[in-house]
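Here's the structure, in structure tokens; my notes come after.
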Amino acid sequence: MKYEHKPIEQRWQQAWEEAGIYHAEAHSDKPKFYALIEFPYPSGQGLHVGHPRSYTALDIISRKRRMQGYNVLYPIGWDAFGLPTENFAIKNHIHPIEVTRKNVARFKSQLQALGISFDWSREVNTTDPSYYKWTQWIFLQLYKHGLAYKKEMAVNWCTSCKCVLANEEVVNGVCERCHSEVVRRVKSQWMLKITEYAQRLIDDLEMVDYPDRVKAQQINWIGRSTGAEVDFTTTTGDTLTVYTTRPDTLFGATYMVISPEHPMIEKLSGVIENREEVRSYQEAASKKSDFERTEMAKEKTGVCIKGVSAVNPVNGREIPIFVSDYVLVSYGTGAIMAVPAHDTRDWDFAKKFGLPIIEVVQGGEDVQQAAFTDCATGVLVNSDFLNGLSVEKAKARMIEELEKTGKGRAKVNYKLRDWVFSRQRYWGEPIPIVHCPCCGTVPLPETELPLKLPEVESYEPTDTGESPLAAMTDWVNTTCPKCGGPAKRETDTMPQWAGSSWYFLRYMDPHNDQALASKEALAYWSPVDWYNGGMEHTTLHLLYSRFWHKFLYDIGVVPTPEPYAKRTSHGMILGENGEKMSKSRGNVVNPDDIVNEYGADTMRMFEMFLGDFENAAPWKSSSIKGCRRFIERYFNLLSVMTPEETIRPEMEAVMHRAIKKVSDDVEGLKFNTAIAALMALINDLTDTGSVTRGELRVFTILLSPFAPHVAEEVWHEGKLGEGFAAQAPWPVYDESKCVEDTIEIVVQVNGKVRDKLTVPADIEQAAALEQAKKSAKVQVFLDGKTIVKEIYIKGKLVNIVVK
RNA sequence: GCGCCUGUGGUGAAAUUGGCAGACACGCUGGAUUUAGGUUCCAGUCCGAAAGGGUGCAGGUUCAAGUCCUGUCAGGCGCACCA
């Protein structure tokens with residue numbers, strides 16, 4: 001019988017579906033296991049080879065868990081709102097609903113062809129009104145708790161998408177999605193107060209099992225810093241508050257800098273002598289894109305504000321105030337005290353404008369030549385009561401002094417900004433808010449959810465910065481839920497991150513129309529036990545959803561403070577040339593071609609065998625054959641199977657070791673070495689020319705999470721057991737059977753291998769050494785030398801050190 | 001600048017965490033089966049005749065280092081005028 005993947009894979013996919021064996025049970029006495037992968041955006045390109053890497057990995061885990069007696073939830077859905085769909089729809093004059101429906105159908109068939117054991121009965125779609133009803137509901141709760149607010153502010157505006165972007169979506173000054181220029185625009189935007197959760201988002205990382213690199217990146221992004229706010233008075237009698245992480249250097253402040261957007265400029269415009277100069281600088285700064293403004297190593301620019309100066313609160317010294325765009329309005333107080341001796345940016349600025357540089361921390365080179373920024377070794381000088389203190393102590397002492405005199409206070413700051421939550425596009429969740437001329441901003445009553453997107457012909461983005469929904473007057477004009485008078489709907493929609501911030505909750509109870517999920521379902525399934533996804537979402541989706549979940553926890557909707565107990569991250573699959581796969585590079589591989597030619601089982605094995613799951617791995621088409629060959633060799637075992645139900649004694653140790661190796665490696669995401677172990681095992685089995693039914697049964701179970709279709713076929717053809725292979729109990733290894741009676745140990749002389757001995761596995765030091773010294777090969781190197789030291793590592797080696 | 005990761009045969013990679021470097025696979029070489037081979041099977045395959053030498057480079061710790069420490073080079077990822 002020849003291995004033919006197509007009929008085998010079709011047959012079992014259908015049989016599993018009909019039997020519904022991958023459906024999670026709503027109630028069960030079994031322990032629960034919730035495995036989650038990042039649900040895909042159903043793009044027009046279809047499935048990418050990167051998708052199956054993640055999906056197959058957790059499929060293997062999920063299948064193993066089922067076989068270990070867990071009630072497993074491994075769901076799938078569609079993160080289907082988003083710009084590519086909308087743009088495609090506009091270009092081709094097809095409604096986004098229709099585009100989405102088609103793309104979903106394609107993705108679905110592609111995923112089903114891979115034999116991923118998703119529970120398709122719980123499929124969700126973020127664009128489904130019965131789904132986004134609850135996205136809108138969560139928004140209303142955020143609004144009611146003061147965490148959603150509308151604010152006029154400078155935002156990132158993508159010139160191509162014609163839409164605002166969150167800070168997280170701007171990469172190197174360009175749009176993360178389309179790589180077009182991002183400029184600053186002042187707009188009224190809906191914001192979510194993620195900053196309110198900054199500290200908890202850091203602290204609670206302690207409660208979860210995430211890779212260190214993920215935690216580090218989130219902590220970095222949140223960017224906590226500790227320091228002090230210091231109040232400077234101005235010669236006009238106003239207060240200018242700055243934030244600094246180096247209050248110890250306050251005596252070295254020789255000038256101040258405020259950002260071009262700082263409100264003080266407006267306030268003091270009457271006394272500023274060089275108003276025009278300042279104003280034109282402000283204008284120039286506002287025209288710059290984020291990229292221009294933050295470009296590295298650029299020349300500092302600025303203007304000295306004439307007619308007003310600041311007074312250093314600790315020494316009464318009067319110092320000039322500058323306006324410069326190297327100070328950001330969005331961080332701290334938008335104003336700084338400049339200590340050029342100990343800050344490189346201030347130093348650059350001071351040098352350019354000829355400002356004094358006063359050393360207050362000793363220990364570096366000449367501060368006139370370069371700023372000395374090392375906090376660890378310096379000692380304070382020129383600083384009155386701080387003189388002689390270490391930087392660390394001086395910081396504490398200064399804060400104490402400031403608090404005592406009321407001129408400042410300890411302060412913690414975060415780089416994290418609030419989340420810009422509105423988008424000026426059609427294909428997103430409408431924000432359920434009404435603007436009433438009498439009542440102001442009015443939330444839609446929950447009973448009116450979902451607020452559906454209007455079905456219209458045209459939804460092109462506008463250049464004016466208004467959402468396309470604004471043009472749909474029938475929809476926009478409404479009545480105020482509060483006073484009943486005429487009012488207008490909010491026309492911005494939510495970003496794509498909205499629907500994905502809570503989708504894992506919906507899977508727990510996907511058809512509930514009373515709540516986003518029932519209390520019972522949430523209590524049973526929470527938290528997600530294992531979430532695998534890409535590193536690229538670390539400071540986007542992963543952070544956003546942790547924020548939403550914490551909020552939902554606070555208002556009593558969900559039972560756990562963290563959504564995901566364990567997070568792992570797969571590496572990217574690169575093109576065969578080692579570069580990122582992309583159309584322009586011409587190195588894209590279509591997963592359909594592999595599935596057609598070699599079969600889903602080979603495709604799955606191959607992607608898992610590629611390399612370390614957590615690191616990037618280049619595609620290597622030549623090794624697909626190796627996986628296919630392995631599956632064929634396995635399939636052919638059927639023809640040499642003998643009817644014995646037992647495992648032959650000489651196979652016992654290799655068998656148990658393979659069970660242990662595969663079981664452990666799967667848990668540690670070491671799929672490549674788990675497969676290597678299966679390959680080694682089949683080599684051992686085929687060396688003997690035959691296999692017993694008992695051996696083939698164990699092998700089939702071990703293989704089935706990786707290559708479920710062929711395993712199922714062999715299970716039935718070989719009559720290896722009742723029911724499906726996919727439901728067979730996972731084998732348990734016997735530690736005592738993993739070891740052979742005799743082992744080989746290495747004998748080294750001075751660290752060099754000189755002989756290998758076959759000895760009883762439990763041999764003790766004295767016996768091992770004695771036998772080692774008897775070896776003729778070893779004696780050559782001992783001859784005429786004195787033994788200085790003898791080392792014995794049990795079961796491994798003997799090392800004799802001679803002189 | 002800050003944070004993180006990687007560097008091992010011709011190739012993708014392993015190495016029980018300090019104990020035989022190169023498992024497993026691809027490729028290649030030779031042989032067998034076959035009318036044929038882009039099939040299957042068997043043998044070989046880090047370099048070197050050997051002694052020996054080999055994990056980006058230079059040191060160090062250790063009986064023993066791919067693994068630990070110091071320095072350095074190269075590549076990648078994230079953040080970045082965050083005071």
Item to check | By ring pair (Phe, Tyr, Trp, His ring centres under 6.0 Å) - contacts of A:Y634 (at least two apart) | outcome: A:F699
Item to check | Any A:Y331 side-chain nitrogen or oxygen under 4.0 Å from OP1 or OP2 of B:rA83 | outcome: yes
Checklist entry - How far, in whole Å, is B:rA80 from B:rG18 if one measures between their C1' atoms? => result 38 Å
Next on the checklist: Test your reading of the model: is there a side-chain donor-acceptor pair from A:Y326 to the backbone of A:S259, 3.5 Å cut-off?
Outcome noted: no
Checklist entry - Base, sugar-phosphate alone, or nothing: which one does A:D664 contact when heavy atoms must sit under 4.0 Å apart? => result nothing
Using atom names, set out every protein N or O paired with an N or O of nucleotides 33-39 of chain B below 3.5 Å, distance rounded to 0.1 Å.
none

Item to check | Partner residues of A:Y281 under the ring pair (Phe, Tyr, Trp, His ring centres under 6.0 Å) criterion, sequence neighbours left out | outcome: none
Checklist entry - Contact class for A:S225 (heavy atom, under 4.0 Å): base, sugar-phosphate, or nothing? => result sugar-phosphate
Checklist entry - Which string of ( ) [ ] | and . matches RNA chain B, if you list each base 5' to 3' and count Watson-Crick or G-U pairs only when both distances are under 3.5 Å? => result (((((((..(((......[....)))((((((.......))))))((....))..(((((..]....))))))))))))....
Checklist entry - Within a strict 4.5 Å, meaning less than it, do heavy atoms of the A:D374 and A:F372 side chains meet? => result yes
Report, one pair per line, the protein and nucleotides 60-67 of chain B atoms (nitrogen or oxygen only) whose separation is under 3.5 Å.
from   : atom 1 : to     : atom 2 : distance (Å)
B:rC63 : OP1    : A:K789 : NZ     : 3.3
B:rC63 : O2'    : A:N799 : ND2    : 3.4
B:rC63 : O2     : A:N799 : ND2    : 2.5

Distances for protein N or O near nucleotides 9-11 of chain B N or O, under 3.5 Å:
from   : atom 1 : to     : atom 2 : distance (Å)
B:rU11 : O2'    : A:K620 : NZ     : 3.2

Next on the checklist: Across nucleotides 44-56 of chain B, 5' to 3', mark each nucleotide with B, S or - according to how protein heavy atoms within less than 4.0 Å reach it.
Outcome noted: --------SS---
Checklist entry - Listed by chain and number, what are the salt bridge (Lys or Arg N to Asp or Glu O under 4.0 Å) partners of A:D343, not counting sequence neighbours? => result A:R345
Checklist entry - Do A:K415 side-chain and B:rC79 base share a donor-acceptor contact under 3.5 Å? => result no
Where do N or O atoms of nucleotides 13-18 of chain B meet protein N or O atoms at under 3.5 Å, pair by pair?
from   : atom 1 : to     : atom 2 : distance (Å)
B:rA14 : OP1    : A:D612 : N      : 3.3
B:rA14 : OP1    : A:N672 : ND2    : 2.9

Checklist entry - Please, which pairs that meet side chain to side chain donor-acceptor pair (under 3.5 Å) have at least one residue in residues 218-228 of chain A, sequence neighbours excluded? => result A:E168-A:W221, A:Q199-A:R224, A:Q218-A:R546, A:S225-A:Y243, A:S225-A:Y331
Which pairs of donor and acceptor atoms, one on a side chain in residues 676-685 of chain A, lie under 3.5 Å apart (sequence neighbours left out)?
from   : atom 1 : to     : atom 2 : distance (Å)
A:N683 : OD1    : A:R633 : NH1    : 2.8
A:N683 : OD1    : A:R633 : NH2    : 3.0
A:N683 : ND2    : A:M679 : O      : 3.4

Checklist entry - With sequence neighbours excluded, what pairs up with A:E790 under the side chain to side chain contact (heavy atoms under 4.5 Å, CB included) test? => result A:L769, A:K773, A:I787
